[in-house]
Amino acid sequence: MAMLLILFLVLLSSSASVESRLYTNYYSKSCPRFTQIVQDIVTNKQISTPTTAAATLRLFFHDCLHNGCDASVLVSSTPFNKAERDADINLSLPGDAFDVVVRAKTAVELACPGTVSCADILAVAARDLVTMMGGPYYNVPLGRRDGKSSRAAAVDGTLPLPTMTISQLINVFGSRGFSVQEMVALTGAHTIGFSHCKEFTAAIYNYSRAGQSDPEYNPRYAAGLRNACADFQKNPTLSVFNDIMTPNKFDNAYFQNLPKGLGLLKSDHALFNDPRTRPFVELYGKDQSKFFYAFARAMEKLSVYGIQTGRKGEIRRRCDEFN
């Protein structure tokens, strides 16, 4: 009897171990066309809506950095629960990012019902869009489960804000096991990002008695931002690209812009000015291949942060609601 119990426990631990592993070919038998289906969907979406790549990358960051890559940010609120996507910091997440995941999930469900998680779809979609924009290809191991919890109240303080100091940003990333160098590399995603005017207008309008804008900004750049954001109070959705030079290309121009006063957010300027982060800004500004390598490795690490596997999660039938 004792031997049977031991054998049962061994098999149980072995099963749990297998469930916790992720593989790049996880769906090779259960859904062999998965990656091709997602790639087709994101390609068509990006062609029709060119801001999709930046939007999806931001959605991926907000999902993973908060509490792990479990697609909890995709869940809609109900009368009984205010979900993550309705937390203040997530209200500006673009609809096109949610849309591309829903489209991919619908297509995958038709081919392989109840097989592929929304978390895996979001991770692969973000990678494919980075590559489509000229960025590095990196491996995305698969087998995540979708989370069973999504609470707006739990989001506060877990995601980086554009007004944070470098020390605060280092703490946010460091608490999740990311080094300063990895944080700078991931911030390079701003190369295809965009920000709403309300996030930086305090630095370009009536900044001080000495000047209209923060002296960290290139004066001509600040003037251009004031023109672009002139109606931001009437239209809070107004936004501008984080990388003014090559906004539709994933490259290292974001890092090259910072020493020239062409950073958009307070955190961008701080990244160049702080001695803890400046060496990496300069390194990636000079050598795109080193930025791409560091970004790819950091994204691989982020994509498996806090994942749910096996019985800890579920395969949602719809990405916006629990089963």
Side-chain angles (χ1 to χ4, degrees), residues 37-66 69-76 83-108 118-138 140 150 152 155 159-162 186-200 228-229 232 235-244 246-251 253-254 264-265 267-268 295 298-299 302-303 319-320:
I37 291 171
V38 174
Q39 188 174 65
D40 290 345
I41 294 292
V42 301
T43 299
N44 290 334
K45 177 68 176 177
Q46 176 64 21
I47 290 171
S48 63
T49 312
T51 56
T52 299
T56 306
L57 195 51
R58 186 170 175 226
L59 181 65
F60 175 74
F61 280 142
H62 280 232
D63 182 47
C64 295
L65 271 178
H66 161 55
C69 304
D70 63 354
S72 53
V73 75
L74 303 177
V75 175
S76 295
E84 282 176 34
R85 68 192 292 174
D86 287 322
D88 286 347
I89 193 173
N90 287 334
L91 291 175
S92 62
L93 288 172
D96 286 314
F98 292 96
D99 180 63
V100 74
V101 175
V102 169
R103 291 188 188 199
K105 175 65 171 175
T106 302
V108 169
C118 300
D120 276 347
I121 289 173
L122 177 55
V124 170
R127 188 272 312 280
D128 288 353
L129 285 161
V130 165
T131 306
M132 189 176 175
M133 297 293 284
Y137 179 90
Y138 53 90
V140 177
S150 179
V155 175
L159 293 171
L161 293 166
L186 289 171
T187 306
H190 284 181
T191 183
I192 57 169
F194 52 87
S195 297
H196 290 90
C197 291
K198 62 183 179 181
E199 294 177 353
F200 57 86
C229 295
F232 84 96
N235 181 7
T237 64
L238 269 181
S239 58
V240 297
F241 289 111
N242 290 70
D243 172 8
I244 191 177
T246 56
N248 295 312
K249 184 180 179 184
F250 196 102
D251 56 19
Y254 164 75
L264 183 62
L265 305 171
S267 55
D268 293 330
F295 181 82
M299 285 295 284
L302 178 61
S303 75
C319 290
D320 62 351

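- Under the 4.5 Å side-chain criterion, counting only non-hydrogen atoms from C-beta, Val73 is not in contact with Ser150.
- Listed for the Asn90 side chain is a donor-acceptor partner under 3.5 Å among the backbone atoms of Glu84.
- Side-chain contact check for Ser195 versus Leu265: some heavy-atom pair is nearer than 4.5 Å.
- In this structure, His196 and Pro236 have side chains that are not in contact, with every pair of non-hydrogen atoms separated by 4.5 Å or more.
- The backbone N or O of Gly95 sits nowhere less than 3.5 Å from a side-chain atom of Asp99 that would complete a donor-acceptor pair.
- Taken to the nearest 0.5 Å, the SG atom of Cys229 stands 6.5 Å off from the CG atom of Leu238.
- Ser72 contributes no side-chain N or O that, together with a main-chain N or O of Asp63, makes up a donor-acceptor pair within less than 3.5 Å.
- Between Asn248 and Phe241 the shortest side-chain heavy-atom distance falls below 4.5 Å.
- Side-chain contact between Met299 and Leu186 is present, with heavy atoms from C-beta onward closer than 4.5 Å.
- Counting only distance, with no hydrogens or angles, the side chain of Ser48 and the backbone of Lys45 share a donor-acceptor pair below 3.5 Å.
- Between Val130 and Leu57 the shortest side-chain heavy-atom distance falls below 4.5 Å.
- In this structure the side chain of Leu91 reaches within 4.5 angstrom of the side chain of Asp86, judged on heavy atoms.
- Between the side chain of Thr191 and the main chain of Gly188, no donor-acceptor pair closer than 3.5 Å is present.
- A side chain to side chain contact (heavy atoms under 4.5 Å, CB included) with Thr56 is found for one member of Leu93, Asp96, Leu122, Val42 and no other, namely Leu122.
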Q: Go through the steps to decide whether Ser92 and Arg58 satisfy the test side chain to side chain donor-acceptor pair (under 3.5 Å), and finish with yes or no.
A: CA-CA 10 Å; Ser92 62; Arg58 186 170 175 226; 2.8 Å; yes
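- Met132 places a side-chain heavy atom less than 4.5 Å from the side chain of Ile47.
- Here the straight-line distance linking atom OG of Ser303 with atom CZ of Phe60 works out to 5.5 Å at 0.5 Å rounding.
- Partners of Phe295 by ring pair (Phe, Tyr, Trp, His ring centres under 6.0 Å), not counting sequence neighbours, listed by chain and number: Phe250, Phe291.
- Residues in residues 122-136 take part in these side-chain hydrogen bond (donor to acceptor under 3.5 Å, both in side chains) pairs, two or more places apart or across chains: Arg127-Tyr137.
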